[in-house]
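Here's the structure, in structure tokens; my notes come after.
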Amino acid sequence: MAKKGTIDSSLVDKAIVFATNAHKDVERKGKGFPYIVHPLEAMAIVATMTNDQDLLAAAVLHDVVEDTEYTLEDIRKEFGDKVAEIVDSESDEKIPGLSSGESWKQRKIIAIERLKNASIESKMVAMGDKLSNMRAIYRDYLSLGEGVWDKFHVKDVKEHEWHYRGLADSLSDLKYTEAYKEFADLIEKVFNK
């Protein structure tokens with residue numbers, strides 16, 4: 001019998017270890033710290049909206065399929081259908097024959113459209129990811145100003161503004177959450193100069 005106040009976090013614990021190993025020795029794009037910090041922050045943000053262990057696991061695993069050698073079937077085998085489906089909904093579509101920079105706009109259009117019709121669970125995990133990214137952009141913006149955009153494949157601030165405002169629109173089902181309010185506030189701070 002579990003002690004009062006304890007939960008079964010075995011799925012989340014397993015996901016943290018899996019994601020840590022998957023992203024091992026990878027730096028968060030020019031930040032100087034391990035990549036795993038981002039998925040852990042995304043998971044912490046999701047935890048402000050739900051205690052669903054599948055969603056917390058999906059949040060920490062959200063970049064594994066997109067950025068490592070692991071496949072969606074690996075995630076499904078280890079963590080089940082629900083987690084795999086959410087991770088899949090968070091993974092960028094690859095556009096054959098185009099580099100990341102060349103396919104950026106197409107991938108973002110697909111992601112924004114997919115999020116509009118996504119489940120509330122998928123939107124929560126996306127919110128964790130996008131708010132973590134927006135926090136990083138804002139921190140860099142405070143120190144680098146407009147130079148922040150030089151770190152990206154796409155350097156046009158208007159493109160980034162279009163992307164983040166489109167995400168905010170697609171995630172507006174979460175407007176009642178503190179995470180969404182922070183996300184919307186940071187968008188205004190960065191883009192509404």
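Residue numbers start at 1 and run along the sequence shown.
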Exercise for review: Output every pair passing salt bridge (Lys or Arg N to Asp or Glu O under 4.0 Å) with a member in residues 5-26, not counting sequence neighbours, ordered by first then second residue.
Suggested key: Lys14-Glu78
Check your understanding: Which residues pass the ring-ring contact (aromatic ring centres under 6.0 Å, His included) test with Tyr138, sequence neighbours left out?
Key -> none
Review point. Are any side-chain N or O atoms of His23 and backbone N or O atoms of Thr68, one a donor and one an acceptor, separated by less than 3.5 Å?
Key: no
Review point. Looking at residues at least two apart in the chain, or sitting in another chain, which of them share a ring-ring contact (aromatic ring centres under 6.0 Å, His included) with Tyr70?
Key: Phe18
Practice item. Measure the shortest side-chain to side-chain distance between Asp63 and Glu66 over non-hydrogen atoms and say whether it is less than 4.5 angstrom. Key: yes
Practice item. Please go through Phe33's hydrophobic cluster and name the other residues, only I, L, V, M, F, W, Y counting, with side-chain heavy atoms under 4.5 Å joining them. Key: Val37
Review point. Less than 4.5 Å apart, any side-chain heavy atom of Ile95 and any of Ile110?
Key: yes
Review point. With sequence neighbours left out, what residues match Thr71 under side-chain hydrogen bond (donor to acceptor under 3.5 Å, both in side chains)?
Key: Asp74
Point to revise | Non-hydrogen side-chain atoms of Leu144 and Lys151 separated by less than 4.5 Å | key: yes
Check your understanding: Of all residues at least two apart in sequence or in a different chain, which pass the ring-ring contact (aromatic ring centres under 6.0 Å, His included) check with His38?
Key -> Tyr35, His62
Check your understanding: Tell me the ring pair (Phe, Tyr, Trp, His ring centres under 6.0 Å) pairs involving residues 109-130, sequence neighbours left out?
Key -> none
Review point. Which residue pairs pass the salt bridge (Lys or Arg N to Asp or Glu O under 4.0 Å) test when at least one of the two sits in residues 119-131, sequence neighbours left out?
Key: Lys123-Asp173
**Study point:** Step-by-step salt bridge (charged side-chain N to carboxylate O under 4.0 Å, His left out) determination, Lys155 to Glu146
**Key:** CA-CA 10 Å; Lys155 307 203 182 308; Glu146 293 302 316; over 6 Å; no
Revision key, fill the gap. So salt bridge (Lys or Arg N to Asp or Glu O under 4.0 Å) across residues 43-52, not counting sequence neighbours, yields Asp52-Lys82
Check your understanding: For Glu73, which residues count as a side-chain hydrogen bond (donor to acceptor under 3.5 Å, both in side chains) partner, sequence neighbours excluded?
Key -> Arg76
**Study point:** Residues which pass side-chain hydrogen bond (donor to acceptor under 3.5 Å, both in side chains) with Glu41, listed by chain and number, not counting sequence neighbours
**Key:** Ser132, Arg135
Review point. Would you find a donor on one side and an acceptor on the other, under 3.5 Å apart, between the side chain of Ser89 and the backbone of Ile86?
Key: yes
**Study point:** Listed once per pair and sorted, the salt bridge (Lys or Arg N to Asp or Glu O under 4.0 Å) pairs that draw on residues 103-115, sequence neighbours left out
**Key:** Asp92-Arg107, Asp92-Lys108, Glu93-Arg114, Lys105-Glu159, Glu113-Lys116
